[in-house]
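Note sheet for the following structure.
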Amino acid sequence: MQDNTGVLDIYSYFRRMNDFAKKYFNPILFLSTVLGFILPQPGEFAGTLILAVLCVIIFASSFKVDFSPDFFRSQTKTIVGFYVLRFLLLPVFLFYLIQPFSPFYATALFLLCVLPCGVTSPAFSNVFNGNVTLALALLILSSSLTPLVLPYLGGLLMAEELKVNQFRLLTTLFITVVFPYLVHLPVRRHQRISRWMRNHDSFISIFGIAAIFALAIAEYRPILLSDTRQILPYFLVNLSVFLFLYFFGYSIWFKARKSEKVALLFSSGANNVALGVVISFLYFPTQTGVFFVVSEIVWVLVLIPVRKLMTKLVLR
């Protein structure tokens with residue numbers, strides 16, 4: 001008779017790690033932020049490392065995704081409607097609302113709100129029992145349209161023309177979002193691997209997100225520390241905006257089920273700030289770049305109250 005004690009011990013170990021990651025979600029992300037100020041700059045390897053980690057997260061999250069015909073029949077209205085409200089109308093509304101008072105903040109907040117869903121939004125949705133398929137569908141839609149929407153709306157609203165390399169941006173988004181999903185399809189056929197990934201993807205997602213934060217902050221640390229005068233106002237503005245975006249995502253589709261509300265919440269608030277950092281440094285003044293580095297830190301910190309709220313609303 002074969003001894004399966006070793007196998008059971010391994011499964012038990014990973015189950016404990018999965019539970020540990022869920023329980024200490026916020027401390028893990030906070031420590032990753034601290035590490036970002038300690039670790040040496042990754043330099044030219046930063047982009048490759050972050051891209052690799054993002055691919056692993058999407059690969060792990062894909063095992064809970066099911067793009068069935070029933071899903072599209074029931075969710076097309078939600079996907080298209082939420083995208084139009086959140087990623088088209090809201091950024092334009094905020095720009096015109098703020099522009100008379102501060103052109104800088106109008107531009108910065110427009111860019112922040114027009115950014116697509118973050119690749120971590122399906123991972124967060126999964127951790128809090130959200131509809132992962134809905135989150136991934138919004139991720140793919142918003143990411144695919146960003147190379148077209150951002151330059152077009154930016155050119156209409158702002159004086160400076162956004163000359164984004166659309167092919168390069170599309171390639172990066174394809175590698176990050178679509179490729180890991182395609183790779184998981186043949187692996188999904190193996191029941192043991194598929195079951196293991198579904199049961200332990202929270203562990204992979206949370207530690208993967210922590211690694212991304214540490215790498216991104218380490219890379220942009222010199223820029224962040226070079227202009228300390230604006231950190232507090234940037235911090236307060238970002239905090240207010242992110243809390244609003246999370247509230248918007250959870251409340252705007254008021255007839256949705258809880259699992260759908262969780263997916264919409266993270267699709268709205270957990271957007272791709274890293275992409276905003278890159279765009280701001282390539283096409284905008286340094287001040288805008290510093291704003292987005294602060295955005296990335298606030299993006300992590302605001303998850304603390306969001307997580308507590310989700311624990312009460314969803315996981316109780």
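Below, all heavy atoms of this structure are taken into account, side chains as well, without hydrogens, waters or symmetry copies.
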Next item on the list: Consider only side-chain heavy atoms of I, L, V, M, F, W and Y, link residues closer than 4.5 Å, and tell whether L35 and F207 are in one cluster.
Entry: no

Note to self: What verdict does the side-chain contact (heavy atoms from CB on, under 4.5 Å) test give for L39 and L215, after you've listed the backbone C-alpha separation in whole Å, the side-chain angles of each residue and the deciding distance to 0.1 Å?
What the structure shows: CA-CA 8 Å; L39 294 174; L215 288 168; 5.7 Å; no

Check: What are the two closest heavy atoms between S194 and R188, and how far apart are they?
Finding: CB-O, 3.5 Å

Notebook entry, point to check: How long is the span from the NZ atom in K261 to the CG atom in N131, to the nearest 0.5 Å?
Noted result: 13.5 Å

Item checked: Distance in Å, S32 OG paired with I28 CD1, rounded so as to fall on 0.5 Å steps -> 9.0 Å

Checklist line | ILVMFWY cluster, F291 and L232 together (side-chain gap under 4.5 Å) | finding: yes

Checklist line | Side-chain heavy atoms of V114 within contact of F95, under 4.5 Å | finding: no

Notebook entry, point to check: With a 4.5 Å heavy-atom cut-off, do V92 and L157 have their side chains touching?
Noted result: yes

Notebook entry, point to check: With a 4.5 Å heavy-atom cut-off, do L115 and T146 have their side chains touching?
Noted result: no

Note to self: For a quick test of reading the model, state the closest non-hydrogen atom pair linking V53 to G208 and the distance between them.
What the structure shows: CG1-O, 3.2 Å

Next item on the list: Kindly say whether A263 contributes a backbone atom to a donor-acceptor pair with the side chain of S267 at under 3.5 angstrom?
Entry: yes

Notebook entry, point to check: Do any N or O atoms from the side chain of E296 and from the backbone of V293 form a donor-acceptor pair under 3.5 angstrom?
Noted result: no

Margin query: For P103, is there any backbone N or O sitting under 3.5 Å from a side-chain donor or acceptor partner on T107?
Written below: yes

Next item on the list: Check whether the ring centres of W299 and F124 lie less than 6.0 Å apart, and answer yes or no.
Entry: yes

Note to self: Using 0.5 Å steps for rounding, measure from the CG atom of N272 to the CG atom of L139.
What the structure shows: 8.5 Å

Notebook entry, point to check: Is a donor on one side and an acceptor on the other found under 3.5 Å between the side chain of R86 and the backbone of C113?
Noted result: yes

Notebook entry, point to check: Are N271 and V273 close enough that some pair of their side-chain heavy atoms sits under 4.5 Å apart?
Noted result: yes

Next item on the list: Please confirm whether the backbone N or O of Y181 pairs with a side-chain atom of H184, one donor and one acceptor, at under 3.5 Å?
Entry: yes

Check: Is there a side-chain contact between F247 and F242, using heavy atoms and a 4.5 Å cut-off?
Finding: no

Margin query: Count I, L, V, M, F, W, Y as connected when their side-chain heavy atoms are under 4.5 Å apart, and connections chain through other members. Are L301 and I38 then in the same cluster?
Written below: yes

Note to self: If you define the side chain from C-beta out and look only at heavy atoms, does anything of T78 sit under 4.5 Å from W253?
What the structure shows: yes

Next item on the list: Give the C-alpha distance, both sets of side-chain angles, the deciding distance and a yes or no for side-chain contact (heavy atoms from CB on, under 4.5 Å) between L94 and V241.
Entry: CA-CA 10 Å; L94 290 177; V241 172; 5.7 Å; no

Next item on the list: Given side-chain contact (heavy atoms from CB on, under 4.5 Å), test L112 with Y105 step by step and report yes or no.
Entry: CA-CA 10 Å; L112 183 62; Y105 279 114; over 6 Å; no

Check: Where do F266 and F128 land on the ring-ring contact (aromatic ring centres under 6.0 Å, His included) test, with the steps shown first?
Finding: CA-CA 10 Å; F266 286 111; F128 293 102; 5.6 Å; yes

Next item on the list: Flag yes if L243 and V262 sit in one hydrophobic cluster, no otherwise; membership is Ile, Leu, Val, Met, Phe, Trp, Tyr, and two members link when side-chain heavy atoms are under 4.5 Å apart.
Entry: yes

Next item on the list: Following the transitive rule for hydrophobic clusters with a side-chain heavy-atom cut-off under 4.5 Å over Ile, Leu, Val, Met, Phe, Trp and Tyr, establish whether V302 and L31 coincide in one cluster.
Entry: no

Next item on the list: First locate atom CD1 of I140, then atom CG of L145, and finally report the distance between them rounded to the nearest 0.5 Å.
Entry: 11.5 Å

Check: So, the side chain of S268 versus the backbone of L265: is there a donor-acceptor pair under 3.5 Å, distance only?
Finding: no

Checklist line | Side-chain heavy-atom pair L138, L264 within 4.5 angstrom cut-off | finding: yes

Notebook entry, point to check: So F82 and F248, would you call those rings parallel, tilted or perpendicular, with 30° and 60° as cut-offs?
Noted result: tilted

Next item on the list: Give the C-alpha distance, both sets of side-chain angles, the deciding distance and a yes or no for ring-ring contact (aromatic ring centres under 6.0 Å, His included) between F104 and Y234.
Entry: CA-CA 11 Å; F104 166 75; Y234 289 173; 5.7 Å; yes

Next item on the list: Would you mind reporting whether F37 and I297 have side-chain heavy atoms less than 4.5 Å apart?
Entry: yes

Checklist line | Side-chain (S142) to main-chain (C117) donor-acceptor, under 3.5 angstrom | finding: yes

Check: Should V149 and Y83 be marked as a side-chain contact (heavy atoms from CB on, under 4.5 Å) after you check the CA-CA gap, both sets of side-chain angles, and the distance that decides it?
Finding: CA-CA 12 Å; V149 171; Y83 175 80; 3.5 Å; yes

Next item on the list: Give the minimum heavy-atom separation between S121 and G118, together with the two atoms involved.
Entry: OG-O, 2.7 Å

